[in-house]
Each structure stands twice: as C-alpha cells, then as structure tokens.
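Residue numbers start from 1 in every chain, and the chains themselves are labelled A, B, ... in the order their sequence lines are given, proteins ahead of strands.
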Protein chains: 2
Amino acid sequence: MRVALGREDFKALRIAKASNVNLKQLSQLLGLSQTTVSRALNGYPEVNAETRERVLDAVRRTGYRPNRAAQRLATGRAGSIGLVMPTAHGYPSDVHFGEFLAGLGDEAVRHDFHFVINPSHPDDEEATCKRLVASGNIDALFIAYMREKDPRVALLKSLSIPFIVHGRSIGIPTDYPYLDIDNTAAFHDATKLLVQLGHRRIALLNGPAHFAFAIRRKKGLEAALAESGLRLDEACVQHSPMTDEHGFSGMKRFLDLPERPTAILCSSTVLALGAVRALNQAGLKLGSDVSLIAHDDVLPMLKPENFSVPLTTTRSSLRSAGSRIAKRLIARILNLETLPEQELWTAELIVRASTGPAPQPAGRANRRSPG
Amino acid sequence: MRVALGREDFKALRIAKASNVNLKQLSQLLGLSQTTVSRALNGYPEVNAETRERVLDAVRRTGYRPNRAAQRLATGRAGSIGLVMPTAHGYPSDVHFGEFLAGLGDEAVRHDFHFVINPSHPDDEEATCKRLVASGNIDALFIAYMREKDPRVALLKSLSIPFIVHGRSIGIPTDYPYLDIDNTAAFHDATKLLVQLGHRRIALLNGPAHFAFAIRRKKGLEAALAESGLRLDEACVQHSPMTDEHGFSGMKRFLDLPERPTAILCSSTVLALGAVRALNQAGLKLGSDVSLIAHDDVLPMLKPENFSVPLTTTRSSLRSAGSRIAKRLIARILNLETLPEQELWTAELIVRASTGPAPQPAGRANRRSPG
DNA sequence: CAAGTCTCTCAAAGCGCTTTGGACGAAAGA
DNA sequence: TCTTTCGTCCAAAGCGCTTTGAGAGACTTG
C-alpha cells in the first residue's frame, strides 16, 4: 500500500532529521518493511525499481545513514582494516608511512571503513599481526616493509584473513595478493641511463639490507651494469635506514674512496638530501661532477624538483599505492568485482638536472681507458 | 548454583578456544547468567569478589574477548575516534603527523579503540569535521593545526561531541580541552640563551603565519628580545611550510641581508636541515659563525644530535603528545577519572654544539658598539 | 516475628541492522 | 482450468552485548 506523505509524516521527518533516523522509522515513513528498505539500499535484485527510487529519495530527505555498529554486528563483518605500523625508536619509515596512510584513508573514508592502527616494534610484527587478527575486529590486514622470506605471509595465509602486502617478499612463492613497484626495473633503467651518459662507476645508497625492495634495487643496478660488462663494487654500496644523516655520511664515504664513483643511486629522496649536502660540502657540482638519481615516493614535504639542483628520479606515488590498496582490500571484503590480485607498478624515470655526462678523466678527453 | 567443570565443559572449552567464545557460552560454562558475567567483566560493584574471580579465570582460559561491534551497538558508543588529516598536495605536515599518529595508536590499541581517518584539504577541515561527526560512528574527535580564531572550536562545541585540540587557538576564549606546548616560553627561553651568548640580531625560520604555534613562537622571540631592549627586524622573519627547501632558501635570504643575523631560530628540525645546508654552502661554521636553535618534535628520522654539528633544540615529543591525547580522549569517552582538561607542556631547552658566543664584529673585540 | 535492608544474581528487553523462510498476487505454462 | 513460476514484499529471528527491573536469600532492626 503506497500512501502519500501526510503532515504527520513530515513532522516525523523533521524530527528524524535532527536526531538521526533509523531503519525502522524510515520504513514506517515509507509504509514498507525494514526488509524491503534494507534490500533496496543494499542493491538486492528483488525490489521494484520504483520502490527503490522511493526509498533512495526518502534517504536523501531524511539524511538516513545506517548505523555501522549494527551493520557490523548483523553481518559479522568488522568494517575495519588493520594496520601494523612499525615504529621502533629510530625507525625511519614515518615520512613514508604518513604519506601512504593518507592514500589509504582517502579511499577508506569513502566506504565508511575504519582503521585499527597497531604500532609495533618492527621485530615484533608477527606477534602483533596475530593479536590483531585474533581480536576479531578487523576483517582485512595490510602489511608492508617486506623482508626476504618474510614469515608474515605464511602466517596471514594460515590465519585465513584477507590481506594485501605492499611490496613483495623474496625467496617464497609470490602467490599472495600484493601491490609492488618494479624496483628491479626502476633501478635497472636508472642505471642504464647513467651508463649511457658514460658513467662506469656507480654507487648505491640503499635502504636496510633486509628489506626486499632494497635487495631488488641492488639487483637492478647490478643487472644493468652487467649488461655493459661492468661490475658493482661492494665498497660503493651502503645499506642503511633512509635518513638524511645516513645519506650524508654514506656519500662522504663514497667521496673518500680511492676510486670515487661518478654517479649515485639513492633509494629515497630523504637519503638524497644528505647526499647532496655532502656533495656541496665537498665542493662538487651535482649534475656535472657527480650525477645522482633518487627514488621518489612523491612526498609532499620533499620534492625532487625543489632541490637546489632538481633531481632526476624514479617516481612512484606512495599515496596512490595506499589508495589502491585500500580499494582492493575493501573490494575483497565486500566481495565486489574482483580486482587483480597482484599488481606490479612501473616507476617513471624522470630526468632533471642532477644527471649529466660522466666527467672525463683528466688528460684523456673523450677516450675510454684501456682494459 | 556453583558447579565444578565437568568433562563436557572442558570439551566445550576447547571448542570455544578455537572458535571465539561469546558471552552466552561463557556464562553457560560458568553456570551464571550473562548479566552477572558482563557485570563482573565491566567492574560493576554488585558482584561477589569470588564470583568475579571465577569469571576472570574462565576468561583467561577461554580467551574470551567481547565482540566490539555488539558492545558498540548495545552501549551506543562507537568505540572509535575521528582524525582529520590535512593532506593537500604540497602540505608539509606528514612527517609530524605520522609521528603523532604513532603515539595515538599506541594508546588506542590498548583500549581497542579504532580510528576513522579522514584526509581532507586543509581549507576544508571544517566541513570534514561536520561530516565526520554526522556520520555517527565516532565518539570523539581530534583536531590540530590550530589557527588564529579557529572556527572549528566553536563548531565542535556546538556539535557537543567530546574533542581535544592539539595546540591552542588565539583570539578566542581557551575554555576548550587542549594539549599544547608552551611555544611562547620555548622560543623565549631559546632567545634568552642566544642573547646571553651575545647575539643581538636573531632571525626566525617559522611555520606558516596562520598557525597559532607560529604566532606564539614569534611572540616568544620578540618578548625575549624586548627584555634586552632589542627589536625583531621583520626582514629576519620567514613564514613558510616547514620543509627542507624552505629552510634552505630562507637561510640564504638571511645570509644575503646587509646586516646578517648571527643566530637563527627554527620552528622545525626539517627547516633546520635546509638552513644548515645553506650555511655550509656559504662556508659558515655552525656554532661559531652562526648559532642555531631548532624546535625538535623528536622525529626518529631526523635527530638533532646526528647533524654534522649537533643542534641545540627546544624539545617536546610529538609522539608522547599523541599518546597523551588518546589517553585523555578515551578517558573522556568512558567517563573514567577526569584527567585535566587543559595541559600546557614545557619544551626542554637542550644545548648542543650549534650554539655559541656571537662572533665579535671585526676590530671591536669584546666591546659593544655604541648607540 | 514481621518488616525492612543488603547482597548477589537473573530473565528479558533492547541496540539497529541483515537475512531466512515464507506469503501473496499476477503472469505463464500444462 | 489448475498448477508453476516469477516478481515483490513481509514478519520474525538472529548478531552478541548491556542494562533495567526484580527476585531470592541472608541479615539487621523495631
């Protein structure tokens, strides 16, 4: 029975508007059952198109918003995703984490999803994951900072909870859902550019050696060198947290080497910051005396184009990654269209002023040294 | 009727352990009503001490954890706190935000509280707050990045939702709950130290001018100068986002001034990063040619003691602030002991190597210039 | 000794939603 | 014409917790 809204109803409507309507009131207002209204809202097929329109219209007018707690209880879905945030003292990932989170949040808020943020010592992440899942109030988990043969992957599989990995482990089958950038290719291409510019001795300021991304980046560098018959000198490699200070000291060490590298690869613009500082201090000119390519996570606080000499970078937005991961995670939870399980993004190689031809060894202009 | 646990019960117990016990099962196991068990767990007085002990023991053995969604529904409390994260493109607060969030999360996870993180353009924060509150699934809100006469305070008051402000506005009554550090005092004391060291011309690399903290820091500087009969030259002040790049360019500008300042106050170690770079580039020695004091939020990625010349700082941990705010917010929601509504923390002035006596004007050693 | 007080416990009524298992006509097939 | 099948809709049973209102004993009190 369909009835036009009378004066009484409008009064109810106004009250409802003030004090948050619930499903019952809404259905009474419409002269429908809660079932039908609920179905209309959740896109079930067994409801008349016209009825659905009426419902949607009433929702707009009353400002009805389903109570998330009730939904969660009824569906058994927690409506929130877990986040393990590695934050030991001195742990350098905060900058990157904040940016990533912004992306996650952007997407999550659109679906009314919440976060359970669990800070944890990096060495304790496994236990934290377990605890988080056991708590029962997340229905998906996100993990990052993958290491070689990372035990968390197996753990999460065994816990049978939807999860997505940012990055990829190494040395275990990659049959889990991930989003990663092609670090190998990125650093391979960057190296190739440097080699094309005549650089023969290239150094690497990398992240901590136990992280998969760091391993891959080094591999990319080595592969590209090998293609030109060159080898990576281990003295030209530094693994360290990606802070300004490590960038500075690392670069300084490189410059003190008997055979000084002519080009540097940096795993982060934060590292590059320190590296450039060391370069300036040594009186070397970026882009001519020394070339540098950094990986750019697109941190708003540190733009490569704003460096005194704009930096050539391999770019991939951390924030977009966060947003994408949230989208996939939520789709997974809601059983919507199945998005691809595994994604490998390509970083863009953007050339700016920090790269240039290798300086010619004095007195031997334009000739390659023999042997 | 109190019954010892029989074989059947232990079987039930084992099953329960595997598949998450609920209150009903737990109460059956104990031969008590759900009411009593619930009360025992929530610390109500009308339950026998011995009974409570029995309940607690069973909880330990079964690993019972109340279903948060059900609790939320029954109590009407959302069990989560809202976070408006300002993240416009180029907005520089990420570093600080991440660190702060770690503190928040630390405390929140202890009480099973969730977050609703709502990224928002800084200029749109008011609307975002409104939307967040209206969504009905937060029961407290946290806001930061206070501006002069910030309209959000009045807004939140009118929305009658518990909230805490990180920082304090200026120009409106401070009768709302906040946690702030005494920025005026911090920069006053820092300035005083510099003046005692003989510095007469002091510059300020500050955060954006519309932020209350920036206004207060400038005020502190001016007050301390005034006490010694000195004035702040507006040419020696820069308001800008707190990025490395702005630190660099700002310092460069200062150094180009006809009357160059002998000391610099920095609102962030990130600014100091760029400032120090400019100093090095100009061939000036930090701590002797120029003194510098930075405010240190205790970011793990950027420690003042690790700078090539360790930085004198005014220190106050952002992370502790986050943790404290979460604690107060949660106490507020749960109506626990009433923690103080307003807190003003004092920043510590920690002297390291970046401060030293003012360089003597050439040819007039140890004498003050007349007039 | 009846009446009042405590102390401890319980049954049952929600909280606001989803979802199961029909019900009731109307259209379609036998 | 009588069954089937749809297409729409509904009543009611949860989801797992908190909380109200009361009851059964045990203990005081007048």
Could you pull out all residues at least two apart from [X] that satisfy side chain to side chain donor-acceptor pair (under 3.5 Å)?
{"X": "Ser323(B)", "answer": "none"}
{"X": "Arg39(A)", "answer": "none"}
{"X": "Lys130(B)", "answer": "none"}
{"X": "Lys157(A)", "answer": "Asp175(A)"}

Are any of Thr51(B)'s side-chain N or O atoms less than 4.0 Å away from OP1 or OP2 of dT9(C)?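 Checking dT9(C) against Thr51(B), a side-chain N or O does come within under 4.0 Å of OP1 or OP2.
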Could you check whether any side-chain N or O of Ser169(B) sits under 3.5 Å from a backbone N or O of Arg147(B), counting only pairs where one atom can act as donor and the other as acceptor? yes
Pick from Asp150(A), Asp180(A), Thr174(A): which one makes a side chain to side chain donor-acceptor pair (under 3.5 Å) with Arg168(A)? Asp180(A)
Can you tell me how far [atom2] of [N] sits from [atom1] of [X], to the nearest Å?
{"X": "Leu23(A)", "N": "dT18(C)", "atom1": "CG", "atom2": "P", "answer": "7 Å"}
{"X": "Glu50(B)", "N": "dT7(C)", "atom1": "CD", "atom2": "C1'", "answer": "14 Å"}
{"X": "Asn67(B)", "N": "dC17(C)", "atom1": "CG", "atom2": "C1'", "answer": "14 Å"}
{"X": "Leu30(B)", "N": "dC8(C)", "atom1": "CG", "atom2": "P", "answer": "17 Å"}
{"X": "Arg54(B)", "N": "dC8(C)", "atom1": "CZ", "atom2": "P", "answer": "14 Å"}
{"X": "Lys24(A)", "N": "dA12(D)", "atom1": "NZ", "atom2": "C1'", "answer": "13 Å"}
{"X": "Asn22(B)", "N": "dT18(D)", "atom1": "CG", "atom2": "P", "answer": "12 Å"}
{"X": "Asn48(A)", "N": "dC6(D)", "atom1": "CG", "atom2": "P", "answer": "18 Å"}

Can you list every pair that meets salt bridge (charged side-chain N to carboxylate O under 4.0 Å, His left out) and has a residue in residues 102-111 of chain A, with sequence neighbours left out? Asp106(A)-Arg319(A), Glu107(A)-Arg110(A)
Going by the salt bridge (charged side-chain N to carboxylate O under 4.0 Å, His left out) test, which pairs reach into residues 67-81 of chain B, not counting sequence neighbours?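 Of all non-adjacent pairs touching residues 67-81 of chain B, none passes salt bridge (charged side-chain N to carboxylate O under 4.0 Å, His left out).
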Would you jot down, in residue-number order, the residues of residues 32-47 of chain B having a non-hydrogen atom under 4.0 Å from DNA chain D? Gln34(B), Thr35(B), Ser38(B), Arg39(B), Asn42(B), Tyr44(B)
N/O to N/O distances under 3.5 Å, protein versus nucleotides 26-28 of chain D:
none

Where along residues 68-75 of chain B does a heavy atom fall under 4.0 Å from DNA chain C?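 Residues of residues 68-75 of chain B under 4.0 Å from DNA chain C: Leu73(B), Ala74(B).
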Listed by chain and number, what are the ring-ring contact (aromatic ring centres under 6.0 Å, His included) partners of Phe113(B), not counting sequence neighbours?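 Not a single residue meets the ring-ring contact (aromatic ring centres under 6.0 Å, His included) criterion with Phe113(B).
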Degree of bending, the helix from dC1(C)-dG30(D) to dA30(C)-dT1(D) (end axes from five pairs; round to 10°):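 Computed from the C1' atoms at both ends, the axes differ by 60°.
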Measure from the ring center of His114(B) to the ring center of Phe115(A) and say whether it is less than 6.0 Å. no
Any chance the rings of Phe163(A) and Tyr178(A) have centres within less than 6.0 Å?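 Aromatic pair excluded; centres sit 6.0 Å or further apart.
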What residue among Trp345(B), Phe100(B), Tyr176(B) forms ring-ring contact (aromatic ring centres under 6.0 Å, His included) with His166(B)? Phe100(B)
Could you tell me whether Arg131(B) and Glu125(B) have a side-chain N and a carboxylate O separated by less than 4.0 Å?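 Answer for the salt bridge query: no.
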Could you pull out all residues at least two apart from Glu343(B) that satisfy salt bridge (charged side-chain N to carboxylate O under 4.0 Å, His left out)?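 With sequence neighbours excluded, Glu343(B) shows a salt bridge (charged side-chain N to carboxylate O under 4.0 Å, His left out) to Arg324(B), Arg328(B), given in chain and number order.
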